[in-house]
K.L.:
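This is the structure I have questions about; it appears just below.
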Amino acid sequence: MPETSATASTPASLETPLARAAAVPVPDADALAGRFPLGPGTAAASDAERARALTDLHFGSVFTDHMAHARWTRGAGWAEHGVVAYGDLTLSPAAAVLHYGQEVFEGIKAYRHADGSIWTFRPRYNAARLNVSARRLALPELPEEDFVASLVDLVRADARWVPSGEGESLYLRPFVFASEPFLGVRPAGVVDYYVIASPSGAYFTHGLEPISIWVTQNYHRAGRGGTGFAKTGGNYASSLLPQGEAAAKGCDQVCFLDDVTERNLEELGGMNIMVVDDDGTVRTPHLTGTILEGSTRSAIIRLLTDAGRRVVEDTISLEGLLADIDSGRVREVFACGTAAVVVPLGRLTGEGFDVTIEGCAVTHEIHDRLIGIQYGAHEDPYGWMYRLA
């Protein structure tokens, strides 16, 4: 990755409490294994059934044999840790999550390397972020090492489900929800934690082909003082209607503006956004409390900064971005997130504008560097990769 002549201090997002928490070393997987013991009588798919399921993978549509589980109760804390058979849940119609949306989740992947070993990417980051989200939703925090242990034990139970094709991975979805049956507005006294696993192909089936973005000026993803920084289902639910609006306009994804000025870019429905200027500077909206502090975003900022590229976290107005694209100052725009990794944005459109962006050189460079680390093809100087099995 080429260096630029400009230099900058360490971007603020690399020094946040979440980033510092994520930097704490995680014990070896063998030391954590067994905290979620495999229960008796859990059936597994046959080799033939699994082979069929692993054929022509898409994102999040097939699930493995098992799931990790723990339950928290007020006064007793976390208990009942185990890996159990994947299956439907028994839930009271009065479960608090169904009425008050008390729920948070994470997304993380397991990658099979060329030698057959299985790794994941920055699990302490996801563990810490789950707890950041849990605090905002008045849910109990899960010990970070227990979070990682649940990944270790589930992946070891379902190791045969980790695919090995190009761009394929085992997508892991940890989630926490209020399961106590009651109708009353207060934090629940019974909470369940699960991790389910889905062998998946690429999020965007067209790979690194540029996608089109509808910039909505009618809806907002989150508001100041709300839950925008938390990974909670309500944030994604609020994006579905404008995502439908984007689809009706012939676009792949929707981009949201801030709720105060209604002028500044925030993020897509499920990805952070970055802009590459003609001098090599990369700009991204700064964390305002309404933007998710993405693990992929954080890693990309570190890779760019350490390569000598200037990274600026700042306010990016829609008006200014459109002017900069028109003048040629902006050469590339890309989005990033766990599921999609990195994808170039080739078109931005909305009420009264429709522009194209041709460049994608930096996007491809950062994609290849990050994917190379995750799949073991490139050196990992940061200790981001963690061996699960």
Side-chain angles (χ1 to χ4, degrees), residues 29 32-33 36 38 42-68 83-87 105-123 125-126 147-175 194-209 211 270-271 294-296 299 336-343 364 366-380 384-389:
L32 298 180
F36 288 75
L38 181 63
T42 49
S46 69
D47 290 344
E49 289 170 333
R50 189 173 56 257
R52 284 195 297 272
L54 291 174
T55 301
D56 190 26
L57 285 174
H58 299 281
F59 183 82
S61 58
V62 173
F63 298 92
T64 66
D65 298 319
H66 301 96
M67 55 189 181
V83 172
V84 300
Y86 178 87
F105 68 97
E106 272 300 324
I108 189 169
K109 292 178 177 178
Y111 309 88
R112 190 177 295 280
H113 286 188
D115 63 359
S117 59
I118 302 170
W119 300 71
T120 193
F121 181 72
R122 304 182 77 191
Y125 193 102
N126 295 83
F147 175 96
V148 180
S150 69
L151 307 184
V152 170
D153 286 325
L154 177 58
V155 167
R156 292 188 177 193
D158 285 344
R160 293 181 298 174
W161 284 91
V162 183
S164 57
E166 183 178 355
E168 295 177 347
S169 61
L170 184 68
Y171 183 78
L172 301 165
R173 171 54 61 86
F175 58 103
Y194 284 92
V195 188
I196 57 176
S198 174
S200 299
Y203 187 81
F204 291 112
T205 56
H206 48 61
L208 276 178
E209 291 182 18
I211 64 172
M271 292 182 284
S295 176
T296 306
C336 59
T338 296
V341 191
V342 178
V343 62
H364 280 252
I366 202 67
H367 172 271
D368 293 347
R369 179 77 188 282
L370 189 56
I371 287 292
I373 291 173
Q374 291 173 336
Y375 284 91
H378 294 168
E379 180 186 0
D380 171 23
W384 284 341
M385 301 306 295
Y386 179 82
R387 184 167 182 168
L388 296 168

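The structure displayed is predicted, hence computed values, not measured ones.
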K.L.:
Could you please spell out the steps behind the side-chain contact (heavy atoms from CB on, under 4.5 Å) verdict for Y386 and V152?
P.N.:
CA-CA 10 Å; Y386 179 82; V152 170; 4.1 Å; yes

K.L.:
Look only at the side chain of Y125 and the backbone of T296, and say whether a donor-acceptor pair between them is shorter than 3.5 Å.
P.N.:
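Checked: no pair found.
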
K.L.:
Quick one: does Y86's side chain get under 4.5 Å of I196's, heavy atoms only?
P.N.:
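In short, these two side chains touch, coming nearer than 4.5 Å.
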
K.L.:
Do R387 and S117 have side chains that approach each other closer than 4.5 Å (heavy atoms only, starting at C-beta)?
P.N.:
yes

K.L.:
Donor-acceptor pair, distance only, cut-off 3.5 Å: does the side chain of T64 make one with the backbone of S198?
P.N.:
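Pair absent, no side-chain N/O of T64 close to backbone of S198.
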
K.L.:
Keeping S61 on the side-chain end and L57 on the backbone end, is there a donor-acceptor pair under 3.5 Å?
P.N.:
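Side chain of S61 to backbone of L57: no pair is present.
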
K.L.:
Under a 3.5 Å distance rule, please check whether R112 uses its side chain to pair with a backbone N or O of A159 as donor and acceptor.
P.N.:
yes

K.L.:
Pair Y375, S169 - check side-chain contact (heavy atoms from CB on, under 4.5 Å), show working.
P.N.:
CA-CA 9 Å; Y375 284 91; S169 61; 4.0 Å; yes

K.L.:
Salt bridge check: are D153 and R156 linked by an N-O gap of less than 4.0 Å?
P.N.:
no

K.L.:
So, for P199 and L170, which heavy atoms are closest and what is the spacing to 0.1 Å?
P.N.:
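Nearest pair, atom of P199 first, then L170: N-CD1, 3.5 Å.
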
K.L.:
Looking at every non-hydrogen atom in both residues, tell me the closest pair between P123 and F147 and how far apart they are.
P.N.:
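Closest pair (atom of P123, atom of F147, distance): O-CE2, 3.7 Å.
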
K.L.:
Scan V83, V195, V84 and name whichever one has a side chain to side chain contact (heavy atoms under 4.5 Å, CB included) with M67.
P.N.:
V84

K.L.:
Applying side-chain contact (heavy atoms from CB on, under 4.5 Å), run through V343 and M271 and close with a yes or a no.
P.N.:
CA-CA 10 Å; V343 62; M271 292 182 284; 4.1 Å; yes

K.L.:
What's the spacing between R173 CZ and I108 CD1 if we round to 0.5 Å?
P.N.:
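Going from the CZ atom of R173 to the CD1 atom of I108 covers 12.0 Å.
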
K.L.:
Between A149 and F36, what is the shortest heavy-atom contact and its length?
P.N.:
C-CD1, 4.0 Å

K.L.:
Quick one: side-chain contact (heavy atoms from CB on, under 4.5 Å) partners of L208, sequence neighbours excluded?
P.N.:
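Counting only residues at least two positions away or on another chain, L208 forms a side-chain contact (heavy atoms from CB on, under 4.5 Å) with P344, H364, H367.
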
K.L.:
Given side chains that start at C-beta, do those of L154 and W161 come closer than 4.5 Å, heavy atoms only?
P.N.:
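Side chain of L154 against side chain of W161, heavy atoms only: no contact under 4.5 Å found.
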
K.L.:
Starting at CG of N126, measure out to CG of L151 and round the result to the nearest 0.5 Å.
P.N.:
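Reported value, rounded in 0.5 Å steps: 8.0 Å.
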
K.L.:
Would you name the heavy atoms of Y171 and E106 that are closest together and state the gap between them?
P.N.:
OH-O, 4.2 Å

K.L.:
Which value, rounded to the nearest 0.5 Å, describes the distance between Q374 atom CD and I371 atom CD1?
P.N.:
5.0 Å

K.L.:
Might you point out which heavy atoms bring P163 and E168 nearest each other, and give the distance in Å?
P.N.:
CB-OE1, 3.2 Å

K.L.:
Give the C-alpha distance, both sets of side-chain angles, the deciding distance and a yes or no for ring-ring contact (aromatic ring centres under 6.0 Å, His included) between F121 and Y111.
P.N.:
CA-CA 9 Å; F121 181 72; Y111 309 88; 7.2 Å; no

K.L.:
Taking all atoms of both residues into account, what is the closest heavy-atom pair of A110 and V162, and its distance?
P.N.:
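Nearest pair, atom of A110 first, then V162: O-CG1, 4.1 Å.
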
K.L.:
Would you call D65 and R160 a salt bridge, taking side-chain N to carboxylate O under 4.0 Å as the test?
P.N.:
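Answer for the salt bridge query: no.
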
K.L.:
Is there side-chain contact between V341 and K109, with at least one heavy-atom pair below 4.5 Å?
P.N.:
yes

K.L.:
Is there side-chain contact between L172 and V155, with at least one heavy-atom pair below 4.5 Å?
P.N.:
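In short, these two side chains touch, coming nearer than 4.5 Å.
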
